[in-house]
There are 2 protein chains.
Amino acid sequence: MKEKKNKKILRMTNQRKVILEELSKVYFHPTASDVYEMVRKKLPNVSLGTVYRNLELLSSCRTIQKLDFGESHKRFDGNPDPHYHINCTRCGRVDDAPIELKAELDQEAEKASGYQIASHHISYSGICPDCMSDSTGQ
Amino acid sequence: MKEKKNKKILRMTNQRKVILEELSKVYFHPTASDVYEMVRKKLPNVSLGTVYRNLELLSSCRTIQKLDFGESHKRFDGNPDPHYHINCTRCGRVDDAPIELKAELDQEAEKASGYQIASHHISYSGICPDCMSDSTGQ
DNA sequence: GTATTTGCAAATACTTTGCAAAACC
DNA sequence: GGTTTTGCAAAGTATTTGCAAATAC
């Protein structure tokens with residue numbers, strides 16, 4: 001298991017600033033390469049390695065979130081607060097789920113499992129409103 | 001988005017049989033390469049590609065489950081029935097969570113989101129009993 | 001001034017794929 | 001017998017890393 005030490009002081013470079021700005025603008029959950037493309041419009045010389053390094057760093061210090069929806073790549077969320085996600089199995093879209101956090105789940109699982117629970121995440125899957133109306137005749 | 005067609009008839013080859021047997025034996029959730037190693041003890045000439053192909057095929061026809069815990073690789077579960085998981089952030093261990101399914105979550109999310117919800121999954125994170133006792137002095 | 005960060009390119013990790021031979025029903 | 005599956009090896013995709021030069025504070 002890897003456990004990141006976080007001793008270094010983070011400097012606010014231009015690249016890092018633009019990555020954060022772009023992430024905070026979007027309503028969806030971009031992949032590293034989406035972020036690279038977004039940032040490249042502002043900083044044409046930015047490198048993909050820098051984007052990866054920053055996304056990793058920022059998520060390990062909880063400024064952003066790294067998300068995993070079972071795809072081959074990770075996605076990122078400029079909102080560091082815990083919230084649930086919902087994804088469309090037809091078009092791949094991922095939205096924030098408009099559901100309140102269920103803190104009681106942690107206590108329940110802690111009692112039942114013997115683990116010391118730190119957090120939980122719920123991901124919902126289904127068909128989004130757009131895909132539902134697209135497939136009217138289907 | 002990719003949508004697997006499942007028209008072919010699956011044949012029960014020796015490789016496929018051993019993969020299923022080995023998967024059903026273990027209490028943990030092995031990666032493809034764990035499965036490869038397990039199967040190799042019974043069928044020394046099996047190839048990694050065959051293991052990947054079968055794990056993919058078997059999970060797409062819901063004989064097994066493909067799981068994702070945000071690691072760089074997928075894990076597999078010989079139990080196809082929906083259940084929740086709990087993972088230790090210290091040692092990486094992943095257990096089945098001894099929690100009943102919460103079917104009501106689907107209805108709640110369906111109302112709130114406008115999606116047609118098909119399923120949900122809860123993953124808990126925390127520190128497992130073993131790691132808790134290991135770190136007595138820490 | 002010095003430690004952090006960058007761009008570049010090469011390396012790595014995991015998974016998928018093309019193909020001819022073998023196995024299944 | 002015809003289709004599915006296999007083993008092998010090569011290719012593909014996402015991510016990480018080493019290093020010298022540039023930058024932040």
Side-chain angles (χ1 to χ4, degrees), chain A residues 1-22 29-61 63-76 92, chain B residues 1-22 29-61 63-76 92:
Chain A
M1 260 292 85
K2 97 182 131 178
E3 199 89 26
K4 278 279 162 47
K5 320 287 176 195
N6 243 353
K7 314 193 160 183
K8 295 200 291 188
I9 289 151
L10 289 196
R11 291 178 178 173
M12 190 44 69
T13 62
N14 207 22
Q15 289 87 337
R16 190 163 295 161
K17 186 153 65 71
V18 175
I19 288 171
L20 282 170
E21 280 168 11
E22 295 301 306
H29 305 306
T31 64
S33 108
D34 293 336
V35 175
Y36 175 56
E37 291 306 330
M38 288 160 14
V39 172
R40 213 136 77 107
K41 292 188 181 131
K42 303 287 169 66
L43 302 174
N45 295 318
V46 74
S47 77
L48 184 55
T50 295
V51 171
Y52 270 104
R53 269 183 295 227
N54 275 294
L55 291 173
E56 182 56 41
L57 212 50
L58 291 167
S59 47
S60 71
C61 69
T63 303
I64 66 175
Q65 277 188 83
K66 177 153 56 165
L67 306 175
D68 191 315
F69 297 108
E71 299 164 303
S72 57
H73 41 250
K74 301 285 191 289
R75 294 182 172 272
F76 295 87
Chain B
M1 258 297 80
K2 94 179 127 177
E3 198 91 28
K4 279 277 162 52
K5 320 286 175 195
N6 244 353
K7 316 193 162 186
K8 293 201 292 188
I9 289 152
L10 288 197
R11 289 179 180 174
M12 190 46 69
T13 61
N14 207 22
Q15 289 87 336
R16 189 162 294 159
K17 186 155 62 76
V18 174
I19 288 171
L20 281 170
E21 280 168 10
E22 294 302 305
H29 304 306
T31 64
S33 108
D34 293 337
V35 175
Y36 175 54
E37 291 308 329
M38 287 160 14
V39 172
R40 215 138 74 106
K41 290 186 184 135
K42 303 287 170 63
L43 302 174
N45 295 318
V46 74
S47 78
L48 185 55
T50 294
V51 171
Y52 271 104
R53 268 182 296 227
N54 275 295
L55 291 172
E56 183 56 39
L57 212 51
L58 292 167
S59 47
S60 74
C61 70
T63 303
I64 66 176
Q65 275 188 84
K66 176 153 58 165
L67 306 176
D68 192 316
F69 297 108
E71 301 164 302
S72 56
H73 42 249
K74 301 285 190 292
R75 292 181 174 272
F76 295 86

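Proteins get letters first, then strands, A, B, ... in listed order; numbering begins at 1 in each.
The side chain of B:Ser33 contributes no N or O atom lying less than 4.0 Å from OP1 or OP2 of C:dC14. In this model, the phosphate group of D:dG7 is approached by a side-chain N or O of B:Thr50 to a distance below 4.0 Å at OP1 or OP2. In this structure, B:Gln15 does not reach the C:dA23 phosphate: none of its side-chain N or O atoms is under 4.0 Å from OP1 or OP2. The phosphate of D:dA14 (OP1 or OP2) has no side-chain N or O of B:Ser72 nearer than 4.0 angstrom. The phosphate of D:dT5 (OP1 or OP2) has a side-chain N or O of B:Arg16 nearer than 4.0 angstrom. In this structure, B:Asn14 does not reach the D:dT6 phosphate: none of its side-chain N or O atoms is under 4.0 Å from OP1 or OP2.
The separation between B:Lys17 atom NZ and D:dT6 atom P is 13 Å, rounded to whole Å. Atom P of nucleotide C:dA21 and atom CG of B:Asn45 are separated by 18 Å, given to the nearest angstrom. For B:Lys42 and D:dT6, the NZ to C1' distance is 20 Å, given to the nearest whole Å. Taking atom OH of A:Tyr52 as the reference point, atom C1' of C:dT12 lies 13 Å away to the nearest angstrom. Whole-Å rounding puts the B:His73 NE2 to D:dT13 C1' distance at 17 Å. Counting to the nearest Å, the C1' atom of C:dC19 and the CZ atom of B:Arg53 are 10 Å from each other. C:dC14 atom C1' lies 13 Å from atom CZ of B:Arg75, rounded to whole Å. When rounded to the nearest whole Å, the span between CG of A:Leu10 and C1' of C:dA3 equals 13 Å.
Nearest approach of A:Glu71 to B:Asp68, heavy atoms of both residues: O-OD2, 4.2 Å. Summarising the geometry of B:Phe76 relative to B:Ser59, their closest heavy-atom pair is CE2-OG, 4.4 Å, with the distance given to 0.1 Å.
The partner of D:dC25 is C:dG1, by the rule that a Watson-Crick or G-U pair needs both atom distances under 3.5 Å.
A donor-acceptor contact under 3.5 Å is formed by the side chain of B:Arg11 with the base of D:dT3.
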Mind running side-chain contact (heavy atoms from CB on, under 4.5 Å) on A:Phe69 and A:Leu67 for me, showing each step along the way? CA-CA 7 Å; A:Phe69 297 108; A:Leu67 306 175; 3.8 Å; yes
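Side-chain proximity of B:Val46 to D:dG7, D:dT15, C:dT5: nearest is D:dG7. Across C:dT5, D:dT15, C:dG18, the shortest atom-to-atom separation from the side chain of A:Leu57 is found for C:dT5.
Two residues, B:Thr13 and B:Gly49, neighbour DNA chain D, and the one matched to the more 5' nucleotide by heavy-atom proximity is B:Thr13. Between B:Ala32 and A:Met12, it is A:Met12 whose nearest contact on DNA chain C lies nearer the 5' terminus. Ranked by how close their nearest DNA chain C nucleotide is to the 5' end, A:Leu48 and B:Lys66 are led by A:Leu48.
Remark: side-chain polar atoms of B:Thr50 are not paired, donor with acceptor, to backbone N or O of B:Val46 under 3.5 angstrom.
With respect to the salt-bridge test (charged N to carboxylate O, under 4.0 angstrom), the residues A:Arg53 and A:Glu56 do not qualify.
Residues A:Met12 and A:Leu20 have side chains in contact (heavy-atom distance under 4.5 Å, counting atoms from C-beta outward).
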